[in-house]
There are 2 protein chains.
Amino acid sequence: MTKRDAQREATRQRLVDAAVESLIEEGYAASTTLAVQRRAGVSRGALLHHFPTREELFGAAIGQLVERNEQAVRRELAQAPADPDPVARGLQVLRSAFASPSFGAELELWAAARTSKELRAVLRRAEGAARRDLYRVIGEVLGPEVTGSPAYPMVADLTVQLLRGMAISDVLYREAADQEPLLEQWATVTRMILAARP
Amino acid sequence: MTKRDAQREATRQRLVDAAVESLIEEGYAASTTLAVQRRAGVSRGALLHHFPTREELFGAAIGQLVERNEQAVRRELAQAPADPDPVARGLQVLRSAFASPSFGAELELWAAARTSKELRAVLRRAEGAARRDLYRVIGEVLGPEVTGSPAYPMVADLTVQLLRGMAISDVLYREAADQEPLLEQWATVTRMILAARP
DNA sequence: CCCTTCACAGTCAGCTCTGACTGTGAGATG
DNA sequence: CATCTCACAGTCAGAGCTGACTGTGAAGGG
């Protein structure tokens, strides 16, 4: 790896990082190539040298964002306090990952993808691996005696959809209403489902 | 009501309708005042006469969109086939309302509101009445013996959050995976919760 | 019948964004 | 050491958007 290659990679990474941060802090609509360029402290030529079109830049940024969110779940999981109840602990972990600004940015992209074929394609590609990984982490955190239940796949799906709904609702109602009681109630329901006879 | 007033109101309504349609079909980012103007078949002067700023135009449009979605739930409800099971019927009705493009546009605005204080304020105002109405409709469709259950408020909240999550997920996964089985399973769970001893 | 008002028409200035284009200097290569 | 390559700098043209501004003709009041 020559000095040039290192410099190239460093600049490229700064651009992608700046794009991701812009998506998180400014939102998708306000994340122009100029905004990214300024945030990265890079010339126009540098940006266009690495990413000839806006689409390529945000294609890379979205991949990075999704990956970052995936890792955030793992990190939350690793540092979550031990809890005798794996369901409560797992839900807390997932909830706090889903409530982050970074995940909010991802959901914003999902919503915007509704009217953009290109964005949808980019997101589908990026989500592919992350989706599998998310379900795997959910399985890990809940433990084998939960994942062994015949109702487990359904519980996992319902949980993911519920958390997505709560994440979107947070934008408007986070301050208005505490969502944690709802999560605890969901934990109770989950235990009830898993305990039910097959 | 003079001829002038009628004309004024007609033009204003065309503009708001065009703005709402643009939000639904093109998405928030692509809904410029020019796009609305062209869609409404109106001159620049006319648009700016009625709505001096972009914000005022979309403020009115968002109010209309939310109201339209609120009525859509009622309409779906009115024409839903009779069903001996009020839970299954209610969930079908809600699901099909939440899956409409019109509701997708609303969710897109929610997501975009994350990084825009103004948009959040507009949405909060518009959602106020609609939110209460939504819960009232849910109560109506499920019937008094369900709403009487002590677990009902929780079930209503969980259902709304779940449906929002499913609506967002539709953008990427509608074609990939049929969501209806999940809804049926949620109906089963709902019945189980409501049947449980207080 | 005149005069005012007002809904709307059409043009325009100023701004921002995207991507193209040319120049430059440090690092790789012989 | 000479030359070449390439990562990057900086400027610019073209396009789209917002909101301002002036003009116009029909509706309505006196």
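Reminder, nothing fancy here: chain letters follow the sequence lines and each chain counts from 1. From a predicted model like this one, the values you see are computed outputs, not experimental measurements.
Nucleotide C:dA7 holds its P atom 18 Å from the CZ atom of B:R44, rounded to whole Å. Whole-Å rounding puts the A:L34 CG to C:dC17 P distance at 5 Å. A:L48 places its CG atom 14 Å from the P atom of C:dC17, with the value rounded to the nearest Å.
The backbone N or O of B:E26 lies less than 3.5 Å from no partner atom in the side chain of A:R114, so there is not a single donor-acceptor pair. Formation of a donor-acceptor pair under 3.5 Å by the B:R120 side chain with backbone atoms of A:L172 is not found in this model. Remark: the backbone N or O of B:G139 is paired with a side-chain donor or acceptor of B:Y152 at under 3.5 angstrom.
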Taking only N/O atoms, report every protein-nucleotides 28-30 of chain C pair under 3.5 Å with atom names and distance.
from	atom 1	to	atom 2	distance (Å)
C:dA28	OP1	A:K3	N	2.9
C:dA28	OP1	A:R4	N	3.3

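Cluster membership check: A:L162 shares its hydrophobic cluster with B:M192, using side-chain heavy-atom separations under 4.5 Å among Ile, Leu, Val, Met, Phe, Trp and Tyr.
Checked against ring-ring contact (aromatic ring centres under 6.0 Å, His included), B:F58 has no partners two or more places apart in sequence or in another chain. With sequence neighbours left out, B:R164 forms a salt bridge (Lys or Arg N to Asp or Glu O under 4.0 Å) with no residue at all.
A donor-acceptor contact under 3.5 angstrom links the side chains of A:S169 and B:Q161, judged on distance only. A side-chain donor-acceptor contact under 3.5 Å links A:S96 and A:E76.
Positionally, the nearest nucleotide of DNA chain D for A:G41 lies more toward the 5' end than for the other of B:A35 and A:G41.
Judged by the 6.0 Å and 45° rule, B:R44 forms no cation-pi pair with B:F51. Taking the centre and axis of the six-membered ring of B:Y28, the NZ or CZ atom of B:R54 falls inside the cone set by 45° and 6.0 Å.
End-to-end axis angle of the helix from C:dC1-D:dG30 to C:dG30-D:dC1, using five pairs per end and rounding to 10°, comes to 0°.
Near DNA chain C, defined here as any heavy-atom distance below 4.0 Å, the residues from residues 23-33 of chain A are A:T32, A:T33, listed numerically.
By the 30° and 60° cut-offs, the orientation of the rings of B:W186 relative to A:W186 is tilted.
Within 6.0 Å of atom CD in B:E55, 12 or fewer heavy atoms from other residues, nucleotides or ligands are found, so the atom counts as exposed in its surroundings.
Boundaries of the chain B contact region on DNA chain D are D:dC17 to D:dG28, first to last in 5' to 3' order (nucleotide atom under 4.0 Å from a heavy atom).
Among the protein residues, A:R38 comes within range of the sugar-phosphate backbone only, with heavy atoms under 4.0 Å from sugar or phosphate atoms but none that close to a base.
A salt bridge is absent between B:R14 and B:E21; no separation between the charged side-chain nitrogens and carboxylate oxygens falls under 4.0 Å.
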